[in-house]
*Asks:* 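First the structure, then my questions, so here it is.
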Amino acid sequence: MSKSFEISAPDAQSPIGIFDSGVGGLTVYRALHNRLPNERFVYLGDTARVPYGTKSLATVERYAIENSQFLASRGIKLLVVACNTASALALPKIRAQIGIDVVGVIGPGARKAVEVTRRAANPRIAVIATEATVASNAYADSIMRAAKKTEVMQTACPLFVPLAEENWTHEPETRSIAEKYLNKIIEFAPNALVLGCTHYPILRDVIQQTVGKGVTLIDSGEATAEEVEKLLQKKGLFNAETLSYSHERSLCDDLDHFFVTDAADRFARVAERFLGAQPSKLEAVEVFGVDKLEKQKRF
Ligand code: DGL
């Protein structure tokens, strides 16, 4: 039996699984890695089927389930859905199918935004995300559940995704696109702005300059890392032991394992732009029908 399909109960030493539609989820990986240096991570970027942000509910659910099954087959102790679109559309389906705890990025991002605006007389929160995330209303619903009186405004900013991948973080073109997208948000004058897409933290500076210093930016990835730490502690799955390694732990080192469904070379190049390092362990895989493959190997 191949090691990848051995079924054993996860423990504190087991890795944390993360998936995204592609490379953007590396911003969430970075937040988790920085907050939880004793943990190991298995990351799956579904680069063959990116983008998710323009796809239908049924398609995103199917992709998300296949990705989750692939990661579950690697013996992870917790699954982080780094992709905002998959978190917005597919979390209930994933939770119903995967026998481990699943954390999405929407709830943590929304709760953090509510926390930082709690003292405002008339709290206003803006959310920028993909078209599918905005259409799902997942952030707005989650914010309203936590604080009914909050006013919420949402805007899709699809061009931010390729701009981040090109590393156009300070170009004048990026600034004028940001001004166009964020125009209405500036008029809305929010207390906080949620970066509700994996790629947007890469453009944090230009977004902050455009909306002004008075608006608190919420990085959903960082908010998620905080909640993951608390959940691991609550479940007794927090790895308190320093990992044994000969060098100082760093992003993309060989304790973390990266998988992509296509174009590994491009993933490595963009990873270097996002994280300043290329993954030491990077493999191309197929995730379609992993559940069937797993069953065949077991029986
Ligand atoms: N990862 C996606 C998200 O956070 C952005 C890219 C895509 O559309 O797939 O929503």
Side-chain angles (χ1 to χ4, degrees), residues 17-32 41 43-68 71 79-91 93-94 102-110 112-113 126-142 154-168 177 181 193-204 207 217-225 258-263 266-267 270-271 273-275 287:
I18 308 171
F19 85 78
D20 179 48
S21 54
V23 74
L26 291 175
T27 59
V28 181
Y29 159 72
R30 177 178 59 193
L32 285 159
F41 299 94
Y43 181 101
L44 172 66
D46 191 8
T47 43
R49 305 187 288 190
V50 69
Y52 286 10
T54 48
K55 296 203 167 70
S56 68
L57 171 70
T59 299
V60 173
E61 278 181 345
R62 180 158 57 83
Y63 292 174
I65 295 293
E66 287 173 345
N67 297 339
S68 305
L71 287 169
L79 174 65
V80 177
V81 181
C83 179
N84 286 257
T85 307
S87 297
L89 272 58
L91 218 52
K93 277 259 156 72
I94 299 171
V102 181
V103 180
V105 287
I106 305 280
K112 186 51 123 190
V127 178
I128 51 174
T130 63
E131 287 168 47
T133 301
V134 167
S136 76
N137 265 328
Y139 269 111
D141 290 348
S142 196
Q154 306 180 87
T155 303
C157 305
L159 291 175
F160 281 174
V161 169
L163 288 170
E165 292 198 7
E166 286 300 315
N167 208 26
W168 282 26
I177 289 168
Y181 276 146
L193 170 62
V194 179
L195 306 177
C197 172
T198 47
H199 290 65
Y200 299 175
I202 302 294
L203 302 178
R204 194 183 176 113
I207 294 169
L217 298 193
I218 307 296
D219 181 330
S220 289
E222 286 170 5
T224 302
F258 294 81
F259 293 94
V260 288
T261 51
D262 195 17
R266 181 174 191 277
F267 181 90
V270 183
R273 288 181 202 149
F274 278 27
L275 304 176
V287 296

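Order of appearance sets the numbers: ligands from 1, and atoms from 1 within every ligand.
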*Asks:* Less than 4.5 Å apart, side chain to side chain, heavy atoms only: is that true for Ile94 and Phe19?
*Replies:* yes

*Asks:* For residues Ala88 and Ser136, report the shortest heavy-atom separation together with the two atoms involved.
*Replies:* CB-OG, 3.5 Å

*Asks:* Checking side-chain polar atoms at under 3.5 Å, does Tyr139 have a donor or acceptor matched by the opposite partner on Asn84?
*Replies:* yes

*Asks:* For ligand 1, which of its N or O atoms have a protein N or O partner closer than 3.5 Å, and how long is each gap?
*Replies:*
{"from": "ligand 1", "atom 1": "1 (N)", "to": "Asp20", "atom 2": "OD1", "distance (Å)": "2.8"}
{"from": "ligand 1", "atom 1": "1 (N)", "to": "Ser21", "atom 2": "OG", "distance (Å)": "3.1"}
{"from": "ligand 1", "atom 1": "1 (N)", "to": "Thr198", "atom 2": "OG1", "distance (Å)": "2.9"}
{"from": "ligand 1", "atom 1": "4 (O)", "to": "Asn84", "atom 2": "N", "distance (Å)": "3.0"}
{"from": "ligand 1", "atom 1": "4 (O)", "to": "Asn84", "atom 2": "ND2", "distance (Å)": "3.3"}
{"from": "ligand 1", "atom 1": "4 (O)", "to": "Thr198", "atom 2": "N", "distance (Å)": "3.0"}
{"from": "ligand 1", "atom 1": "4 (O)", "to": "Thr198", "atom 2": "OG1", "distance (Å)": "3.2"}
{"from": "ligand 1", "atom 1": "8 (O)", "to": "Tyr52", "atom 2": "N", "distance (Å)": "3.4"}
{"from": "ligand 1", "atom 1": "8 (O)", "to": "Gly53", "atom 2": "N", "distance (Å)": "2.9"}
{"from": "ligand 1", "atom 1": "9 (O)", "to": "Ser21", "atom 2": "OG", "distance (Å)": "2.6"}
{"from": "ligand 1", "atom 1": "9 (O)", "to": "Tyr52", "atom 2": "N", "distance (Å)": "2.7"}
{"from": "ligand 1", "atom 1": "10 (O)", "to": "Thr85", "atom 2": "N", "distance (Å)": "3.1"}
{"from": "ligand 1", "atom 1": "10 (O)", "to": "Thr85", "atom 2": "OG1", "distance (Å)": "2.6"}

*Asks:* Please verify the inter-ring angle class for Phe267 with Phe258; under 30° counts as parallel, over 60° as perpendicular, anything in between as tilted.
*Replies:* tilted

*Asks:* Testing the basics here: between Ser87 and Ile106, what is the closest heavy-atom pair and its distance to 0.1 Å?
*Replies:* CB-CG1, 3.6 Å

*Asks:* Minimum heavy-atom separation for Thr130 and Tyr200, please, with both atom names.
*Replies:* N-OH, 4.0 Å

